[in-house]
Every structure is written in structure tokens, then in C-alpha cells.
Trainee: 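Can you read through this structure? Questions will come right after.
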Amino acid sequence: MSRLEPAVGSFRGRVWEIVRAIPAGRVLAYGDVAMLAGDRKAARAVGGALRAFAGDHDGLPWHRVINSQGSISFRGDLQRATLQRLLLAREGVVISEQGRLEMGRFRANLRALPCYGALDEGAGF
DNA sequence: GCGGTGACACAAA
DNA sequence: ATTTGTGCCACCG
């Protein structure tokens, strides 16, 4: 395994497992991942986790995680945002000129992903 | 143990 | 629809 891979059992370890299971052509919001990881309010920590995984992208579909607005999170890193958009487009995820996509259409089925906690209502689809 | 840091979320204005 | 402010978290020094 890669050195940057988080410890199994840790929050980031669960994030890794969840993100790894998101099917191609589907996306999940940071908040969704946090919820599945067992902490509904840890969306911010999910972002931190993915940032930490950078460089160890080998096989991890990190690009399938976007913000709750249905858009790619841009935090000063145009490089990453551009690459993310390219990778998503490559999987058939349609993104408007506004940089927005239809969550209702591309959001992954939470019930089909690893879950370490409780799913809030409205979480499924 | 304390105080940043940051790929977030949500309510309020 | 946009912009702010505030809450929340795992990690790292």
C-alpha cells in the first residue's frame, strides 16, 4: 500500500473506503461521504482527507467528490479543479458552463456504498 | 493539551 | 442567486 494511505479504522481510512467505492459516472458531496463515514458534520474533514491523499491518487476516484452545490470545489487550485472536471467529463458526467451538475441525476446510491453510521432522511434517492 | 488549517455545509441577510 | 458569518471536524505542530 502507499505511504499516504490512512490507517485502517481511522476517519480518513473510512473516507478512503467510501470514495473508493463510488462508481464511475457518479458523484458524492463531501457531506455525503462524511455521513457515510459516520459523522454527518465532518464534511470539512473529508476535504482535508482528500487533500492529504493527493499524490496517492493511484486508483482512488477522488474526482467523484464535489460540494453540496453540485459543483467542483475551487480553493485556489485551478490545476486540480480543471483536472477534476476533465476526469468527470471522461466518465460522462455533464457539467454546465456555470460549472454545475445535476446531483439528482449523478449522485451515487448511498445505499450501495459502505456505511459506518446512520443515513439521514433524504439521503437515499 | 491548545491553536492553526482547510477539496465543507447551512442559515441569514 | 450571491455573499457573509458561524458551526464542525480530523490532523498536525
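A, B, ... follow the sequence lines: proteins, then strands. Residue 1 opens every chain. This one's a predicted model, so the numbers in the text were calculated from it and none came from an experiment.
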Trainee: Asp39(A) CG to dC11(C) P: how many Å, rounded?
Mentor: 11 Å
Trainee: Scan Ala45(A) against the nucleic acid and name what it touches under 4.0 Å (heavy atoms): base, sugar-phosphate only, or nothing.
Mentor: base
Trainee: Donor-acceptor pair, Asn67(A) side chain versus Gly70(A) backbone, under 3.5 Å?
Mentor: yes
Trainee: Any idea which of dA9(B), dG7(C), dC11(C) is nearest the Ala29(A) side chain?
Mentor: dA9(B)
Trainee: Using a strict cut-off of less than 4.0 Å between a Lys/Arg side-chain nitrogen and an Asp/Glu carboxylate oxygen, indicate whether Glu91(A) and Arg26(A) qualify as a salt bridge.
Mentor: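 Arg26(A) and Glu91(A): not salt-bridged.
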Trainee: CD of Gln69(A) versus P of dA11(B): gap in Å, rounded?
Mentor: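 So the two atoms are 11 Å apart, to the nearest Å.
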Trainee: Between dA10(C) atom C1' and Phe11(A) atom CZ, what is the distance in whole Å?
Mentor: 7 Å
Trainee: Whole angstroms only, please: what is the CG-P distance between Asp32(A) and dC10(B)?
Mentor: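 In whole Å, dC10(B) P lies 9 Å from Asp32(A) CG.
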Trainee: Scan Ile22(A), Ile72(A), Val15(A) and name whichever one has a side-chain contact (heavy atoms from CB on, under 4.5 Å) with Val65(A).
Mentor: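 Going through Ile22(A), Ile72(A), Val15(A) one by one, the side-chain contact (heavy atoms from CB on, under 4.5 Å) with Val65(A) is satisfied by Ile22(A) alone.
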Trainee: With a 3.5 Å cut-off and heavy atoms only, can you find an N or O donor on one side and an acceptor on the other between the side chain of Arg51(A) and the base of dG6(B)?
Mentor: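 For Arg51(A), whose side chain was compared with the base of dG6(B), there is no donor-acceptor pair (under 3.5 Å).
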Trainee: Under a 3.5 Å distance rule, please check whether Arg14(A) uses its side chain to pair with a backbone N or O of Ala37(A) as donor and acceptor.
Mentor: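 Judged by distance alone, yes, a pair lies under 3.5 Å.
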Trainee: Check every strand shown and say whether Gly31(A) touches a base, only sugar-phosphate, or nothing at a heavy-atom separation below 4.0 Å.
Mentor: sugar-phosphate
Trainee: Go through dA10(C), dA7(B), dC8(C) for me and flag the one nearest to the Trp62(A) side chain.
Mentor: dA7(B)
Trainee: With a non-hydrogen cut-off below 4.0 angstrom, is Tyr30(A) in contact with a base, only sugar-phosphate, or nothing?
Mentor: base
Trainee: Looking only at side-chain atoms of Asn67(A), point me to the closest of dA9(B), dA10(C), dC8(C).
Mentor: dA9(B)
